[in-house]
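Here's the structure we're looking at; comments come further down.
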2 protein chains.
Amino acid sequence: MTAAKPTREGSAHKRAAILGAARGLFLAEGFDRTSVDAIALRAGVSKRTLYDYFGDKQALLIAVVDHAADSLMAAIRRTMAETLTEVTDLHAALLDFSLRIATETFGSVDYLALMRLVTNESGHLPQLRDTLMTNAPEEAIAARLAEFGRQGALDVPNPRVAADHLVALTFLLAINSLGSTISADDPRLRSILDEGVRAFLRAYAPRPRAAL
Amino acid sequence: MTAAKPTREGSAHKRAAILGAARGLFLAEGFDRTSVDAIALRAGVSKRTLYDYFGDKQALLIAVVDHAADSLMAAIRRTMAETLTEVTDLHAALLDFSLRIATETFGSVDYLALMRLVTNESGHLPQLRDTLMTNAPEEAIAARLAEFGRQGALDVPNPRVAADHLVALTFLLAINSLGSTISADDPRLRSILDEGVRAFLRAYAPRPRAAL
DNA sequence: GCTTAACTACACTGCACGGTGTAGTGTAGA
DNA sequence: TCTACACTACACCGTGCAGTGTAGTTAAGC
């Protein structure tokens with residue numbers, strides 16, 4: 001799924017170093033402001049090797065986003081399995097989930113920052129559009145919300161919309177209010193996520209059928 | 001409030017032309033990808049004049065954002081006065097408000113796109129931070145929501161949080177789902193705003209005190 | 001020791017772009 | 001007509017940077 005142009009496909013270690021360096025610099029400086037020389041320097045790799053591995057600065061960006069998407073999906077699946085099993089206290093479960101996803105190693109916040117970067121900074125990369133237009137994270141969350149709906153813990157006639165709303169009330173709002181650099185222990189982050197989850201549950205709490 | 005470096009302060013018409021051209025190109029291509037020559041060409045002005053007016057590419061960006069913020073605030077105030085007066089049908093009123101703000105001449109969507117651009121593309125402009133960190137739009141909306149709360153039409157213990165949630169469920173979600181280029185008649189936009197307003201009202205509808 | 005492959009160091013090209021300096025043009029007022 | 005001004009057209013500079021070509025180094029396998 002990854003592997004943009006691994007012309008030589010050398011040691012995975014070097015590949016990871018390059019991806020990590022590129023991700024960090026792209027997030028901190030933006031795509032255009034990040035020079036390939038800086039990435040190579042930070043990765044401890046010669047510029048030539050970088051080009052042999054990825055072929056192109058744009059291809060490197062695609063690889064970074066691809067890798068981030070995979071990481072995020074893995075984190076979501078793992079965290080969901082660990083936090084979103086209980087139906088007893090949905091607020092605690094959803095808040096735990098949001099907090100962990102937001103702050104976990106390369107969580108959704110960095111992912112969203114990358115998305116913004118891609119969407120705004122280079123709005124003309126057909127390859128990227130394909131990669132990131134899958135909305136896999138939202139779909140995964142939607143599936144879980146649908147499950148809660150089936151169990152009667154939520155009222156979600158349209159799970160995908162509900163998932164979008166949950167994401168908007170938590171991650172989207174967090175990254176919009178705070179910058180792209182969010183520290184895990186920032187009290188504002190916890191506050192935003194908490195309020196967001198609260199509002200989400202108020203909007204999607206099961207209500208007596210007669211009320212409508 | 002505007003006026004970054006109007007070294008010469010010539011005809012307001014030329015100034016507006018430059019601002020408009022810059023805004024359009026910044027939104028379409030991003031800040032770094034937009035050359036000053038392109039802006040001058042599109043504005044029908046010599047590059048030299050552009051520099052005489054604004055002094056600097058960064059100063060031009062600041063002026064653009066400043067102007068956008070002013071426009072948006074004016075639009076919000078005007079539209080709020082025209083749509084958010086009725087308490088009878090809050091859903092219709094809020095949806096109308098959202099739709100008009102989102103699609104109006106330089107609505108919140110473009111504003112948010114500019115914010116993203118600024119935040120991500122050049123994360124090191126102290127001047128810009130000051131300009132856009134006011135959160136004036138959210139504050140204005142919060143004030144109106146508080147008013148609704150006083151009238152018993154909504155249950156908003158914390159108006160500012162409620163305003164953030166409304167914005168997240170509508171504009172933020174819209175710009176995140178659709179690109180920065182949103183046509184006013186895109187049915188998806190209306191759908192997103194409608195669902196967002198619905199969820200917001202479910203979350204902030206007045207509820208019997210006994211229920212909690 | 002020899003070959004092969006991965007990699008580095010480094011020089012180099014081409015280009016795009018931000019910003020400046022200036023000569024010249026059109027225009028309005030005295 | 002002269003002056004002042006706003007503006008254009010254009011040439012120009014410096015620089016940063018993507019991408020390439022290559023000679024040389026290291027290490028592994030034979």
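Residue numbers begin at 1 in each chain, while the letters A, B, ... track the order of the sequences. Atom set for the values below is all heavy atoms of this structure, side chains included, hydrogens, waters and symmetry mates excluded.
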[atom1] of [X] versus [atom2] of [N]: gap in Å, rounded?
X: B/Arg15; N: D/dC7; atom1: CZ; atom2: P; value: 12 Å
X: A/Leu41; N: C/dC10; atom1: CG; atom2: P; value: 13 Å
X: A/Leu60; N: D/dC17; atom1: CG; atom2: P; value: 16 Å
X: B/Phe54; N: C/dT20; atom1: CZ; atom2: C1'; value: 19 Å
X: A/Lys14; N: C/dC7; atom1: NZ; atom2: P; value: 5 Å
X: A/Ile18; N: C/dT8; atom1: CD1; atom2: P; value: 8 Å
X: B/Gln58; N: C/dG19; atom1: CD; atom2: C1'; value: 13 Å
X: B/Asp32; N: C/dG19; atom1: CG; atom2: P; value: 12 Å

> When you match B/Arg48 and B/Lys57 each to their closest nucleotide on DNA chain C, which lands nearer the 5' end?
Replying inline: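 Between the two, 5'-proximity favours B/Lys57.
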
>> Over 60° means perpendicular and under 30° means parallel, so tell me whether A/Phe97 and A/Phe171 are parallel, tilted or perpendicular.
In response: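 Perpendicular, since the angle between the ring planes exceeds 60°.
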
>> B/Glu147 vs B/Arg150, test: salt bridge (Lys or Arg N to Asp or Glu O under 4.0 Å). Steps then yes/no.
In response: CA-CA 5 Å; B/Glu147 180 63 28; B/Arg150 254 170 264 125; 2.5 Å; yes

> Does A/Thr49 make a side-chain N or O approach to OP1 or OP2 of C/dT8 shorter than 4.0 Å?
Replying inline: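 For C/dT8, OP1/OP2 do have a side-chain N/O of A/Thr49 under 4.0 Å.
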
>> Please confirm whether the shortest side-chain N or O distance from B/Tyr53 to OP1 or OP2 of D/dA6 is below 4.0 Å.
In response: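 No, outside the criterion.
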
> With B/Leu95, which of B/Leu193, B/Thr170, B/Leu201 fulfils side-chain contact (heavy atoms from CB on, under 4.5 Å)?
Replying inline: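 Only one option passes, and that is B/Leu193.
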
>> Let me spell it out: for each of A/Val36 and B/Ser46, pick the nucleotide of DNA chain D with the closest heavy atom. Which residue's pick is nearer the 5' end?
In response: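 In this pair, the answer is B/Ser46.
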
>> Quick check for you: among D/dT8, D/dA18, C/dG18, whose closest atom lies nearest to any side-chain atom of B/Ser35?
In response: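 Output: C/dG18.
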
> With respect to the side chain of B/Asp56, which nucleotide from C/dG19, D/dT8, D/dA18 is positioned closest?
Replying inline: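 The answer is C/dG19, which lies nearest to the side chain.
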
> Nearest heavy-atom pair of B/Pro137 and B/Ile76: which atoms, and what distance?
Replying inline: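 What the structure gives for the nearest pair is CB-CD1, 3.6 Å.
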
> Roughly how far, to the nearest 0.5 Å, is the CG atom of B/Leu145 from the CG atom of B/Asp155?
Replying inline: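 It is 12.0 Å, given to the nearest 0.5 Å.
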
